Asker: 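The structure is given below, and queries will be raised subsequently.
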Amino acid sequence: MADVKKIATRESYGNALVELGKAHDNVVVLDADLAGATKTSIFMKEFPERHIDCGIAESNMMGIAAGLSTCGKVPFASSFAMFAAGRAFEQVRNSIGYPHLNVKIGATHAGISVGEDGATHQCNEDIALMRTIPGMVVINPADDVEARAAVKAAYEHQGPVYMRFGRLAIPVINDEATYKFELGKGITLREGKDVTIIATGLCVGESLEAAEILSKEGIDAEVINIHTIKPLDEALVVASAKKTGKVVTVEEHSVIGGLGSAVCDVLSEQAPTKTMKIGVNDTFGESGPAVELIKKYGLDKESIAKKVAAFVK
């Protein structure tokens with residue numbers, strides 16, 4: 001994919017905020033001393049009067065965002081996933097989730113692809129944490145096109161939304177001219193009959209390429225992009241599972257509590273299916289180049305193809 005355009009979804013987030021800011025004057029953006037890294041600096045340059053740097057005080061930032069939302073503003077509270085979902089969990093739960101306030105959380109630098117920042121900053125638990133909050137929408141876009149569409153959809157949705165973005169520049173796999181984002185609706189990217197691969201985030205592109213590798217081995221894989229993990233597109237998951245009889249989930253997140261768990265919850269109730277979860281296996285990350293880490297933790301196309309082939313056979 002060397003010739004394919006690559007962009008980090010955190011950058012997509014910054015660009016989308018500017019577009020939203022131009023269209024809606026009730027959009028305000030909050031950051032916790034990380035505007036350069038989360039790319040909210042793009043919004044800050046355009047609308048300095050609507051950007052609030054809360055300092056290194058993520059929990060306070062969530063409280064400020066909650067307050068602003070009660071005054072007719074639509075706040076986008078931004079920080080690294082480790083801090084937005086982890087450090088500020090109590091405030092997100094009690095000040096945003098419990099009163100069901102219209103706050104959008106932009107969490108960048110999620111997963112092991114944070115790279116050299118290491119285990120303390122590689123949040124592989126955020127989807128699990130946010131899924132447990134009643135009424136919280138959880139979105140994990142696959143590329144630039146989807147990320148920008150997700151930010152717009154988050155604004156249009158009434159209620160709390162958690163959006164997960166990455167640090168690493170990844171290939172653009174969607175065609176902007178034909179792409180349509182629907183909250184809570186998965187997208188079948190490739191039809192297949194032997195196995196269903198359900199992926200989210202940067203693993204969607206890798207899973208599509210893994211399916212091409214598998215096709216050369218005579219395995220016809222269906223690939224589904226689940227950008228909204230909560231609410232999950234249960235109908236699509238169940239229909240595909242019944243069609244292929246085998247399901248593999250792929251995510252740059254712990255195999256505990258993330259996409260895989262959400263899919264297994266649905267299948268165990270509605271269509272018991274042999275399932276394998278590919279993700280971070282109950283371990284912390286480590287410092288290293290993002291691409292190397294993705295390979296080491298088995299989330300690259302070759303590793304995915306190898307695991308799926310063994311699972312099918």
Side-chain angles (χ1 to χ4, degrees), residues 110-113 122-129 131 138 140 142 164 170 173 186-285 293-313:
I112 55 167
S113 59
Q122 291 163 354
C123 192
N124 297 311
E125 308 85 14
D126 58 319
I127 293 172
L129 286 166
R131 272 184 72 217
V138 181
N140 185 29
R164 184 185 217 242
I170 56 172
I173 59 171
I187 303 167
T188 302
L189 297 174
R190 188 182 194 279
E191 298 274 355
K193 64 180 188 302
D194 297 328
V195 62
T196 300
I197 301 175
I198 302 175
T200 188
L202 69 75
C203 293
V204 175
E206 295 292 335
S207 294
L208 266 177
E209 292 203 61
E212 288 304 314
I213 295 170
L214 289 165
S215 70
K216 295 184 177 88
E217 296 175 30
I219 297 168
D220 188 14
E222 184 146 295
V223 180
I224 293 174
N225 169 18
I226 292 289
H227 50 63
T228 311
I229 292 157
K230 187 184 175 187
L232 186 73
D233 191 342
E234 297 186 6
L236 182 65
V237 168
V238 170
S240 186
K242 284 179 176 177
K243 175 183 169 186
T244 66
K246 290 186 177 69
V247 172
V248 177
T249 61
V250 193
E251 60 195 309
E252 187 203 3
H253 181 274
S254 173
V255 290
I256 301 167
L259 170 70
S261 294
V263 167
C264 286
D265 286 350
V266 172
L267 292 179
S268 65
E269 287 183 359
Q270 299 182 37
T273 310
K274 189 180 178 188
T275 306
M276 175 174 69
K277 294 192 277 187
I278 296 175
V280 179
N281 291 305
D282 197 23
T283 181
F284 289 103
L293 288 167
I294 288 165
K295 281 182 182 167
K296 181 168 180 179
Y297 287 79
L299 300 173
D300 60 305
K301 60 186 179 186
E302 290 87 2
S303 300
I304 294 166
K306 194 175 174 183
K307 288 174 189 171
V308 173
F311 176 69
V312 170
K313 289 167 184 172

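The structure displayed is predicted, hence computed values, not measured ones.
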Asker: If you take all heavy atoms of T275 and L267, which pair is closest and at what distance?
Answerer: OG1-CD1, 3.7 Å

Asker: What pairs of residues pass the side chain to side chain donor-acceptor pair (under 3.5 Å) test when at least one of them lies in residues 232-249, not counting sequence neighbours?
Answerer: E191-K243, T196-S240, T196-T244, E222-S240, E222-K243, E234-Q270

Asker: Drop me the distance from S215's OG to D194's CG, to the nearest 0.5 angstrom.
Answerer: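 Nearest 0.5 Å value for the OG-CG distance: 11.0 Å.
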
Asker: Give the minimum heavy-atom separation between A221 and A211, together with the two atoms involved.
Answerer: CB-CB, 4.2 Å

Asker: Taking the side chain as everything from C-beta on, heavy atoms only, tell me whether E209 gets closer than 4.5 Å to I304.
Answerer: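 Counting from C-beta outward, E209 and I304 never come under 4.5 Å.
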
Asker: If I compare all heavy atoms of V248 with all of F311, which pair ends up nearest, and what's the gap?
Answerer: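 Smallest interatomic distance, heavy atoms only, reads CG2-CD2, 3.6 Å.
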
Asker: From C203 SG over to I278 CD1, what is the distance, rounded to the nearest 0.5 angstrom?
Answerer: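 Taking SG in C203 and CD1 in I278, the distance rounds to 9.0 Å.
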
Asker: Between P272 and S268, which heavy-atom pair has the shortest distance, and what is it?
Answerer: CG-O, 3.9 Å

Asker: Let me see the working for K301 and E212 under salt bridge (Lys or Arg N to Asp or Glu O under 4.0 Å), right down to the final yes or no.
Answerer: CA-CA 9 Å; K301 60 186 179 186; E212 288 304 314; over 6 Å; no

Asker: Enumerate the salt bridge (charged side-chain N to carboxylate O under 4.0 Å, His left out) contacts for residues 250-275, please, sequence neighbours excluded, ordered by first and then second residue.
Answerer: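 Sorted result for residues 250-275: R131-D265.
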
Asker: Test your reading of the model: is there a side-chain donor-acceptor pair from S113 to the backbone of G111, 3.5 Å cut-off?
Answerer: no

Asker: Going by heavy atoms in the side chains, are I229 and R164 under 4.5 Å from each other?
Answerer: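 No, too far: nothing below the 4.5 Å cut-off.
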
Asker: Give the C-alpha distance, both sets of side-chain angles, the deciding distance and a yes or no for side chain to side chain contact (heavy atoms under 4.5 Å, CB included) between V237 and I224.
Answerer: CA-CA 8 Å; V237 168; I224 293 174; 5.9 Å; no

Asker: Output every pair passing side chain to side chain donor-acceptor pair (under 3.5 Å) with a member in residues 302-311, not counting sequence neighbours, ordered by first then second residue.
Answerer: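 Residue pairs passing side chain to side chain donor-acceptor pair (under 3.5 Å), neighbours aside: D300-S303.
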
Asker: Under 3.5 Å, is there a donor-acceptor pair between the side chain of H227 and the main chain of N140?
Answerer: no

Asker: Judged by atom type as modelled, is there a donor-acceptor pair below 3.5 Å linking the side chain of K277 to the main-chain atoms of V255?
Answerer: yes

Asker: Roughly how far apart are E206 CD and I213 CD1, rounded to 0.5 Å?
Answerer: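 It is 9.0 Å, given to the nearest 0.5 Å.
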
Asker: Using a 4.5 Å cut-off on heavy atoms from C-beta on, say whether the side chain of I197 contacts that of L214.
Answerer: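 L214 reaches I197 side chain to side chain.
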
Asker: Check whether S254 reaches the backbone of I256 with its side chain - one donor and one acceptor, N or O, closer than 3.5 Å.
Answerer: yes

Asker: Test side chain to side chain contact (heavy atoms under 4.5 Å, CB included) on L259 and I127; report intermediate values, then the result.
Answerer: CA-CA 8 Å; L259 170 70; I127 293 172; 5.9 Å; no

Asker: CD1/I173 to CG/L202 distance, rounded to the nearest 0.5 angstrom?
Answerer: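 If I round to the nearest 0.5 Å, the distance is 10.0 Å.
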
Asker: Looking only at heavy atoms, what is the nearest atom pair of G285 and N124, with distance?
Answerer: N-ND2, 4.4 Å

Asker: Mind checking the CG-CD1 spacing from L236 to I226? Nearest 0.5 Å is all I need.
Answerer: 5.5 Å

Asker: What is the minimum heavy-atom distance between T273 and A241, and which atoms define it?
Answerer: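 Distance-wise, the nearest heavy atoms are OG1-CB, 3.6 Å.
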
